[in-house]
Amino acid sequence: MDKLTPRLTPEQQRDFEAAAFRRLIDHLRERTDVQNIDLMNLAGFCRNCLSNWYREAAEAEGVALSKDESREIVYGMPYAEWQALHQTEASPEKKAAFEVNKPKDH
């Protein structure tokens, strides 16, 4: 446990984590040049992972969200629209690296 965590109320911790998450989402929406495969190869997660985690958190609280709905929350638009506007073809090297590094659930 972090040394600061005991100083924060549960509500503060939740609010600060939510603010950091919103900032991350905003950052990823602005950085459309960074492809999901780049994120996966470098950090082991991508926008789709975030949308899956969001959906899982909602479902844990009894709120049903579809895959498309959670992706739209993360991408700020329908996923197909984001793909059409921003997704580029990955190089063979990036695809090979992804196959080596991808999480089991991808």
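One is the number of the first residue; the rest follow in order along the sequence.
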* Chi angles and distances behind the side chain to side chain contact (heavy atoms under 4.5 Å, CB included) call for Trp53, Asn48 -> CA-CA 9 Å; Trp53 300 338; Asn48 292 336; over 6 Å; no
* How long is the span from the CZ atom in Phe21 to the CG atom in Asp26, to the nearest 0.5 Å? -> 10.0 Å
* Distance-only, no hydrogens or angles: does the Ser70 side chain make a donor-acceptor pair with backbone N or O of Ser51 under 3.5 Å? -> yes
* To do: Could you walk me through whether Leu65 and Glu59 pass side chain to side chain contact (heavy atoms under 4.5 Å, CB included), step by step?
  => CA-CA 7 Å; Leu65 283 179; Glu59 289 173 355; 5.5 Å; no
* **Distance (rounded to the nearest 0.5 Å) between Lys94 NZ and Gln35 CD** => 7.0 Å
* Asked: Side chain of Gln12, backbone of Thr9: donor and acceptor closer than 3.5 Å?
  -> yes
* Asked: So how far is it from Arg31 CZ to Arg47 CZ, rounded to the nearest 0.5 Å?
  -> 9.0 Å
* If every non-hydrogen atom of Cys49 is compared with every non-hydrogen atom of Met40, which pair is closest and at what distance? -> SG-SD, 3.9 Å
* Are Leu24 and Ile73 joined in one hydrophobic group, where the rule is that I, L, V, M, F, W and Y side chains link up if heavy atoms are under 4.5 Å apart? -> yes
* **For Tyr75 against Arg29, the heavy-atom pair lying closest together** => C-NE, 3.6 Å
* Asked: What distance do Leu39 atom CG and Phe98 atom CZ have between them, rounded to the nearest 0.5 Å?
  -> 11.5 Å
* Asked: Just how far is it from atom CZ of Phe45 to atom CG of Leu50, taken to the nearest 0.5 Å?
  -> 5.5 Å
For residues 80-90, please give each side-chain donor-acceptor pair under 3.5 Å, one per line with the distance, not counting sequence neighbours.
residue : atom : partner : partner atom : Å
Gln83   : NE2  : Tyr79   : OH           : 3.4
His86   : ND1  : Thr32   : OG1          : 3.4
Glu89   : OE2  : Lys95   : NZ           : 2.5

* Please check if the side chain of Asn41 supplies one atom and the backbone of Asp38 the other of a donor-acceptor pair under 3.5 Å. => no
